[in-house]
Amino acid sequence: MPQKILVVDDEREIVKLVRAYLEQVGFKVVTASDGQEGLTVFRHEKPDLVVLDLNLPRMDGLDVCRTIRRESDIPVIMLTARVEEQDRLVGLELGADDYIVKPFSPREVVARVRAVLRRVQPAPSAPETVTAADVELDLVRHAATVAGEAVELTPTEFELLRAMAAEPGRAFSRMELLDAAQGEAYEGYERTIDTHVKNLRNKIEPDPKSPRYIITVYGVGYKFAED
């Protein structure tokens, strides 16, 4: 579902322009023309972000922001024609996440909305396991099983297998695998990967001379076989 933006401003042309630009890039937009209506729409529509003018009839934007903050932690971007630093600081102290001074470009509003939403979105949780074919890696316990049987791997072997098993079919160069395994790669050391792969095959392959899981990609490096 598209993210929903509430725009609260009593200047119709500004609302119309900001709405058009936000909708053009995929946001759903709801609007209000005064502070009281803004709070009503906020409570009913439950937007993902509020673009809020400071100078509003019926209820000042600062009071609207203060009320929103008592009820929610959704991001608020303030629009203001007030150039005094103190006014902007008051808004930020009340919990606004950003502010834009009028006159402004509608493209700037879109950019600020996107930036604030990126900041408040939770980081994706890292996976706890990697599974490919019969291989399963427990990233928390740093344990590996192949066809249900535990396999003892060195830290380097584990990281190599994790990198390849996470993307079956992708051909990795030796430098990429060295970087994945050790966090840094230096030319001249990439051939050490061949030794690690040989040891890894001896531990996980039913027949290391005819590998099922770790496939050589000639002229490139290695890959984990696609299912």
Side-chain angles (χ1 to χ4, degrees), residues 1-132 138-140 162 166-168 170:
M1 290 181 61
Q3 290 175 295
K4 187 185 298 183
I5 310 300
L6 168 59
V7 179
V8 187
D9 198 305
D10 62 331
E11 297 183 54
R12 291 184 179 181
E13 288 304 313
I14 287 181
V15 172
K16 182 178 178 181
L17 193 60
V18 170
R19 179 175 198 159
Y21 272 78
L22 288 171
E23 289 180 339
Q24 190 175 37
V25 297
F27 291 110
K28 181 178 179 180
V29 179
V30 292
T31 65
S33 59
D34 63 59
Q36 290 286 1
E37 184 187 9
L39 284 177
T40 300
V41 175
F42 161 74
R43 289 164 178 154
H44 182 263
E45 294 288 344
K46 296 180 171 40
D48 297 290
L49 181 145
V50 178
V51 177
L52 176 66
D53 186 31
L54 272 183
N55 296 316
L56 292 170
R58 298 182 65 198
M59 189 177 190
D60 185 84
L62 291 175
D63 290 330
V64 174
C65 183
R66 187 180 290 109
T67 304
I68 288 175
R69 274 293 160 263
R70 286 199 296 264
E71 301 178 14
S72 172
D73 60 357
I74 74 162
V76 175
I77 296 177
M78 286 192 160
L79 302 179
T80 176
R82 303 175 183 175
V83 296
E84 289 82 2
E85 182 182 21
Q86 186 59 37
D87 289 323
R88 299 198 296 269
L89 290 176
V90 169
L92 295 174
E93 287 171 359
L94 285 177
D97 297 270
D98 201 352
Y99 66 88
I100 301 173
V101 177
K102 296 179 180 180
F104 54 79
S105 160
R107 291 188 178 88
E108 179 186 4
V109 177
V110 172
R112 297 284 190 95
V113 166
R114 283 174 159 170
V116 169
L117 286 173
R118 279 197 301 269
R119 290 204 304 266
V120 301
Q121 285 173 346
S125 57
E128 294 186 351
T129 62
V130 171
T131 303
D138 185 325
L139 305 184
V140 177
R162 174 167 72 165
E167 299 184 69
R170 176 190 165 183

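Along the sequence shown, the residues carry numbers beginning at 1.
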Without swapping roles, check the side chain of T67 against the backbone of D63 for a donor-acceptor pair under 3.5 Å. yes
When every non-hydrogen atom of I68 is compared with those of L39, the smallest separation belongs to CG1-CD2, 3.9 Å
Working to the nearest 0.5 Å, report the span between NZ of K102 and CG of N55. 7.0 Å
Which atom names give the shortest non-hydrogen contact between G61 and L52, and what distance separates them? O-CD2, 3.4 Å
As a test of understanding, state which of V110, V109, V116 forms a side chain to side chain contact (heavy atoms under 4.5 Å, CB included) with V113. V109
Give a yes or no on whether K16 atom NZ has more than 12 heavy-atom contacts from other residues, nucleotides or ligands under 6.0 Å away. no
For L117 against P75, the heavy-atom pair lying closest together: CD2-CG, 4.3 Å
Set out, in order, the CA-CA distance, both residues' side-chain angles and the distance that settles side chain to side chain contact (heavy atoms under 4.5 Å, CB included) for M59 and V8, then state yes or no. CA-CA 11 Å; M59 189 177 190; V8 187; over 6 Å; no
Atom pair CD1 (I77) and CG (D53), whose distance is rounded to the nearest 0.5 Å: 13.5 Å
Given L6, which of I74, V41, D48, V51 fulfils the side chain to side chain contact (heavy atoms under 4.5 Å, CB included) condition? V41
Just so I know, are the side chains of L49 and Q3 near enough to count as touching, which here means a heavy-atom distance under 4.5 Å? no
Decide yes or no for R69 and V76: does some side-chain heavy atom of the first lie under 4.5 Å from some side-chain heavy atom of the second? yes
Nearest non-hydrogen partners of P47 and F42, listed with the distance: CD-O, 3.5 Å
Considering residues at least two apart in sequence or located in another chain, which fulfil the side chain to side chain contact (heavy atoms under 4.5 Å, CB included) criterion with R107? Y21, S105
What's the spacing between D60 CG and L54 CG if we round to 0.5 Å? 6.5 Å
Taking distance alone, no hydrogens or angles, what donor-acceptor pairs closer than 3.5 Å link side-chain atoms of residues 24-35 to residues at least two apart or in another chain?
unit_1 : atom_1 : unit_2 : atom_2 : d
S33    : OG     : E37    : OE1    : 3.0
D34    : OD1    : Q36    : N      : 3.1
D34    : OD1    : E37    : N      : 2.7
D34    : OD1    : R58    : NH1    : 3.4
D34    : OD2    : R58    : NH1    : 3.4

Mind checking whether L22 and V7 have side chains closer than 4.5 Å, heavy atoms only? yes
State, yes or no, whether a side-chain contact exists between V18 and F104 at a heavy-atom distance under 4.5 Å. yes
